[in-house]
Amino acid sequence: MRRRCAPHVLPAPASGCSGIKLSATRSCDSWFFFFFPPPFEVESQEQSGGGGGGPTARVVSAGGCSLFSSTLSRSFVARRDFSLQPFPFAMAGAIIENMSTKKLVIVGVILLLFQAFAFMVGGLIAPSPTTAVHYLATKCVDTVKQRQETKWFMPWGPNQCDKIRTFDEAMAKKIEANNIVFAVHIPLPNKEMSSWFQFMLVILQFDIAFRMHNQIKDGALVTIDVSLAYRDDTISKWTEMAHSFEQRKLSCNFTTTKTSENEGRHYECDLLPFMEVGSVAHKYYLLNIRLPINERKNINVGIGEIKDIRLVSIHQNGGFTKVWFAMKTFLTPSILIIMIWYWRRITLMSRPPVLLEKVILALGISMTFINIPVEWFSIGFNWTWMLLFGDIRQGIFYSMLLSFWIIFCGEHLMGTRLFAAWSLERGQVKMCESGLPTITELVTELGSHLTNNLQDQTERNRLSVYWKQVGPIVFGSFCLFIFDMCERGVQLKNPFYSIWASEVGTELAMAFIIVAGICACLYFLFLCFMVFQVFRNISGKRTSLPAMSKARRLHYEGLIFRFKFLMLVTLTCAAMTVIFFIISQVNGGHWHWGEHTVQVNSAFFTGIYGMWNLYVFAIMFLYAPSHKRYGDEQSSGQCITGDAGANSGEDNQLTTTITHVDGPTEIYKMIGKEAQE
Amino acid sequence: MFCETLRMIYLGCFLLLCGLTHVMASYPIWWSLAVGHQYSSLGTQPILCGSIPGLVPKQLRFCRNYVEIMPSVAEGVKIGIQECQHQFRGRRWNCTTINDNLAIFGPVLDKATRESAFVHAIASAGVAFAVTRACAEGSATICGCDTRHKGTPGEGWKWGGCSEDVEFGSMVSREFADARENRPDARSAMNRHNNEAGRTSLNDNMFLKCKCHGLSGSCEVKTCWWSQPDFRAIGDYMKDKYDSASEMVVEKHKESRGWVETLRPKYNYFKPPTDRDLVYYESSPNFCDPNPQTGSFGTRDRICNLTSHGIDGCDLLCCGRGHNTRTEKRKEKCHCIFHWCCYVSCQECVRVYDVHTCK
């Protein structure tokens with residue numbers, strides 16, 4: 001029930017209007033009313049003051065906010081709550097507070113249904129997200145010495161190359177290493193690749209046998225001469241796509257003792273990143289790999305007895321891509337519509353939006369940016385940059401989400417100064433009761449407090465206040481962006497490039513990742529600290545709640561509720577993400593459930609993706625300004641003067657006058673009235 | 001090489017003595033695939049299924065349907081036997097094969113001994129291993145994507161990829177190697193169990209490898225796959241199982257289709273054998289002396305290790321008969337520089353060895 005009565009009582013003075021940008025008091029005034037919509041029960045339609053902008057009766061005559069230090073402050077004092085309000089609770093009167101518990105539950109259930117649906121789509125309809133296919137390179141023999149054009153070696157099918165099975169055979173036939181070509185055709189026979197596969201990455205693995213006299217040297221580098229070709233039907237010629245000389249560091253260890261007993265056992269070698277293409281536009285790919293030897297230049301010497309080359313290619317499953325696209329296509333309009341609706345509400349308010357509102361919009365925009373299914377184009381076009389673009393979109397969303405959390409906390413942080421002002425207020429009321437001898441003194445004192453508060457609020461409402469918290473996010477994402485550009489960006493040019501292949505590259509990459517990690521830690525420290533501060537404030541408020549006037553109490557309760565609601569939802573979402581992540585990592589990928597196979601990994605991706613979409617959706621919906629504000633001028637005025645409830649014409653009159661007058665007499669009147677009540 | 005020649009001489013004696021080609025109904029004659037060069041995977045002619053000796057009708061059907069994977073089956077048996085010979089290299093029975101006999105191990109495997117159990121298991125594991133390998137090489141086209149599920153294989157592949165080749169390898173091994181082990185007798189039951197134990201061991205020794213490829217290479221998206229181990233690891237594992245094989249007793253039950261023999265652990269105070277354990281129900285001969293009936297070649301003239309106290313040591317290997325020692329000068333390659341593939345530049349050194357052979 002608490003929720004039903006909105007916290008519209010407390011004026012939030014400055015954030016929108018005070019200081020810098022806002023000069024027109026009209027706008028200042030009208031947006032006060034946004035913050036003080038009437039209580040839900042009051043439903044003051046009967047006194048509709050004209051639905052739209054601010055109340056005409058109350059337009060402050062003062063020329064601009066810049067003058068307010070003396071003028072406005074007094075009028076604030078007059079509406080005593082103004083001065084004592086710690087902070088621009090910019091979003092007082094959000095839908096979430098004005099909504100009845102029943103409606104909120106209904107919304108929650110609908111969202112949960114969608115959530116369950118998202119999980120089910122992934123778990124039951126989609127196949128597993130990716131497929132890994134093993135390839136064992138066929139050892140072909142290049143018999144011709146010097147040839148003009150590049151010859152492509154096919155491992156199987158018509159026109160297959162001359163094969164050897166083992167290198168003992170090659171030794172017997174006196175075939176040189178430089179004439180051996182490892183050929184891998186992707187995919188395997190009777191299959192073809194499809195642009196639905198989205199991307200393809202290939203991992204390289206050497207099978208190296210241990211020999212007492214031919215061991216892998218420390219830090220051995222393999223130099224690979226690799227070329228990639230494609231074709232779109234089984235008969236046409238191969239077209240070269242890329243050709244490169246690559247170096248990879250062999251990091252192999254031999255787990256058993258290095259004795260002649262154990263000759264022939266294989267080393268355990270790390271997987272080597274080999275190739276990454278951001279679009280699978282062709283049906284057939286062919287890899288020809290050579291390991292050229294040059295003893296003088298020390299190329300490919302001391303790399304042990306390589307028995308075989310294995311490749312593993314990973315691509316996204318077509319079925320998963322289709323389900324994913326369908327989801328995106330469905331989600332884009334939903335988020336887009338709610339975003340437009342949300343922003344329309346904000347602009348309808350005739351005051352400039354506050355920071356938090358802008359951040360929520362930005363969150364919506366970044367979500368839409370991820371959602372927009374531009375990947376559809378990758379089906380028709382050969383856009384290799386799609387992978388990189390996807391990373392960038394994801395990165396933008398993550399940094400937006402993190403910034404949103406910080407700013408949300410910050411904007412709900414009730415400064416300590418508030419308490420000073422607030423306790424002062426209470427003292428003031430007492431003084432009023434006792435006959436108001438030193439009212440002028442009081443006003444000056446309050447005025448100074450007010451100015452401080454206003455300054456604080458002005459600062460709060462700017463993004464620059466949060467540089468300390470947002471800085472790490474921006475810097476961290478920038479680092480990751482640079483890293484990604486270095487890896488996937490370069491791969492646009494050379495699909496065989498890997499930043500991890502070179503010594504310097506590895507260090508650079510590690511540096512970027514470590515810096516990003518430090519940024520993430522910093523960020524979470526800040527966030528935790530801020531959340532802690534807000535909670536400390538809340539508990540402080542709690543104790544003093546009963547002593548407050550009803551309107552103020554409702555306001556604070558609304559604030560606290562709003563904050564706690566978001567905390568709860570966010571934590572639930574984060575916990576869900578973590579739990580499902582762990583489940584999908586630990587589990588082998590699918591569960592058998594009677595007849596059905598549940599694809600846990602796919603369910604994780606669609607479910608979590610759906611969840612964050614719903615999260616953004618819910619925030620934009622629930623934290624949008626309530627339209628109940630439209631009929632609220634009268635009642636908010638009322639709330640300002642008297643505590644909620646009494647709807648007398650006398651009060652209204654009083655309110656309307658306040659804004660015009662600034663003087664001790666009016667204040668005296670006001671306070672007197674308060675005291676009486 | 002020396003050893004080999006000796007063995008051949010012995011073999012000759014053997015065949016003279018026995019003058020028989022041991023062909024029994026239970027003997028997996030098709031293992032001779034491993035010996036015939038015409039079955040190698042690089043052979044240009046396709047395998048003629050009718051020419052493979054000892055196939056039962058089911059195997060023949062299988063061969064005709066999947067003729068392209070028959071070279072891998074042959075290859076599988078071959079690597080199984082090679083591994084057997086490696087694992088048993090220092091033992092009294094060293095997994096000797098007889099070249100010009102269809103029963104390639106001779107009569108050793110006629111009895112339901114530990115050795116039989118091991119050979120069956122390693123051969124069936126070898127078939128599964130080699131087929132999986134051939135699938136990865138692309139030399140067999142029917143692997144992976146099974147058409148049992150929805151749509152054409154192409155559609156299945158595009159929608160959700162294909163099942164792992166490993167399962168296919170095991171399937172082939174099960175279909176082919178177990179095809180003949182369908183009689184209701186104890187030996188068939190034992191072979192079935194041991195074949196399955198070999199395949200299970202192979203699957204157990206697979207290791208999972210993963211690659212993270214999410215945002216900036218994070219593990220947000222991770223793909224894992226099962227990778228086959230080096231076959232030596234399977235050999236080691238099976239050797240352990242050989243050492244701890246369970247002895248069984250045969251029980252007869254009357255069932256609707258007649259008398260059925262099943263196996264039951266002989267000793268109740270030992271743990272009953274699991275799917276991975278080898279079982280046998282007849283004790284092995286000691287392989288010390290040549291015996292045409294048991295297929296033992298004896299250990300005479302086998303090279304033994306003087307310093308070892310294990311089974312390859314001269315005491316045990318020579319069954320207490322003692323050993324001869326002679327000195328040999330061998331020319332060896334030394335100070336070699338290896339290139340990864342096929343070129344080694346070496347000097348030649350002469351070394352003197354003491355060679356101990358059993359009396």
Side-chain angles (χ1 to χ4, degrees), chain A residues 127-136 138 155-156 163 165 167 170-171 174-177 180 185 187-192 194 196 201 203 207 211 213-214 264-266 271 291 293 295 300-301 303-306 310 312 314 317-320 391 394-395 480 483-484 487 513 581 585 589 605, chain B residues 40-42 75 86 132-145 153-162 164-166 208-211 213-230 232-233 236 333-344 346:
Chain A
S128 60
T130 50
T131 293
V133 188
H134 288 258
Y135 298 93
L136 184 70
T138 305
W156 40 259
K163 298 184 220 176
R165 189 189 319 209
F167 290 120
M171 190 101 73
K174 304 221 158 134
I175 299 166
E176 280 178 42
I180 289 196
H185 184 278
L188 289 169
N190 290 349
K191 292 171 189 123
E192 54 186 50
S194 139
W196 290 100
L201 38 129
I203 291 149
D207 278 357
R211 295 277 172 236
H213 301 292
N214 187 12
R265 266 175 217 275
H266 289 184
L271 302 172
L291 301 176
I293 284 184
E295 214 168 326
N300 284 341
V301 177
I303 52 173
E305 187 183 311
I306 294 180
R310 293 166 189 274
V312 177
I314 295 174
N317 278 327
F320 183 80
D391 277 4
Q394 226 172 324
L480 285 182
F483 166 70
D484 223 58
E487 173 93 354
I513 288 169
F581 180 71
Q585 296 278 304
F605 287 121
Chain B
S40 128
S41 62
L42 293 181
E75 176 78 20
H86 174 83
T132 307
R133 212 182 130 91
C135 285
E137 213 167 8
S139 50
T141 56
I142 52 155
C143 311
C145 274
E155 281 311 298
W157 152 255
K158 279 186 186 166
W159 175 265
C162 297
E164 296 256 353
D165 293 334
V166 182
L208 196 62
K209 292 211 163 177
C210 292
K211 165 81 179 169
H213 51 97
L215 181 64
S216 296
S218 66
C219 283
E220 180 195 15
V221 190
K222 196 167 87 171
T223 303
C224 296
W225 62 91
W226 289 98
S227 198
Q228 285 205 120
D230 175 14
R232 180 59 42 81
D236 291 344
K333 285 175 178 172
C334 53
H335 307 297
C336 295
I337 297 170
F338 292 86
H339 295 164
W340 69 266
C341 149
C342 12
Y343 172 66
V344 190
C346 295

Scored by heavy-atom pairs under 4.5 Å with chain B, the best of A/Asp484, A/Asn214, A/Thr131 is A/Asn214
Just to verify, what does B/Thr223 make a side-chain hydrogen bond (donor to acceptor under 3.5 Å, both in side chains) with, not counting sequence neighbours? A/Thr130, B/His213
Minimum heavy-atom distance between A/Phe581 and B/Glu220, given as atom pair plus value: CE1-CA, 3.9 Å
Nearest non-hydrogen partners of A/Asn317 and B/Gly161, listed with the distance: OD1-N, 3.4 Å
Identify whether the distance between the nearest side-chain nitrogen and carboxylate oxygen of B/Asp230 and A/Arg265 falls below 4.0 Å. no
So which of A/Asn300, A/Val301, A/Ile203 has the biggest tally of heavy-atom pairs under 4.5 Å with chain B? A/Ile203
Using non-hydrogen atoms only, which part of A/Arg211 is less than 4.5 Å away from chain B: side chain, backbone, both, or neither? neither
Just checking, is any N or O donor in the side chain of B/His86 or B/Arg232 under 3.5 Å from an acceptor N or O on the other one? yes
Can you list the residues that meet the salt bridge (Lys or Arg N to Asp or Glu O under 4.0 Å) rule with A/Glu487, with sequence neighbours excluded? none
Just give me the residue among A/His213, A/His185, A/Glu305 that pairs up with chain B most often, heavy atom to heavy atom, under 4.5 Å. A/His213
Can you say whether A/Ile314 sits under 4.5 Å from chain B via the side chain, the backbone, both, or neither, judging by heavy atoms? side chain
Enter the distance from B/Glu75:CD to B/Arg133:CZ here, rounded to the nearest 0.5 Å. 7.5 Å
Most heavy-atom pairs under 4.5 Å with chain A, out of B/Leu208, B/Asp236, B/Thr132, belong to B/Asp236
Grab the two heavy atoms, one from B/Glu137 and one from A/Trp156, that are nearest each other, plus how far apart they are. O-CD1, 3.5 Å
Proximity breakdown for A/Leu291 and chain B, heavy-atom pairs closer than 4.5 Å: both
Determine the option with the most heavy-atom pairs under 4.5 angstrom with chain A, choosing from B/Cys224, B/Cys210, B/Ser139, B/Ala136. B/Ala136
In terms of heavy-atom proximity below 4.5 Å to chain B, should A/Trp196 be classed as side chain, backbone, both, or neither? neither
Does any heavy atom of chain B fall under 4.5 Å from the side chain of A/Ile306, the backbone, both, or neither of them? both
Heavy-atom distances under 4.5 Å only: say whether A/Glu192 touches chain B with side chain, backbone, both or neither. both
Determine the minimum heavy-atom distance between A/Pro189 and B/Ala140, stating which atoms define it. CG-O, 4.3 Å
Given heavy-atom pairs under 4.5 angstrom as the criterion, report whether the side chain, backbone, both or neither of A/Phe483 touches chain B. side chain
Taking every heavy-atom pair that is under 4.5 Å apart, which of A/Arg310, A/Lys174, A/Met171 has the most such pairs with chain B? A/Met171
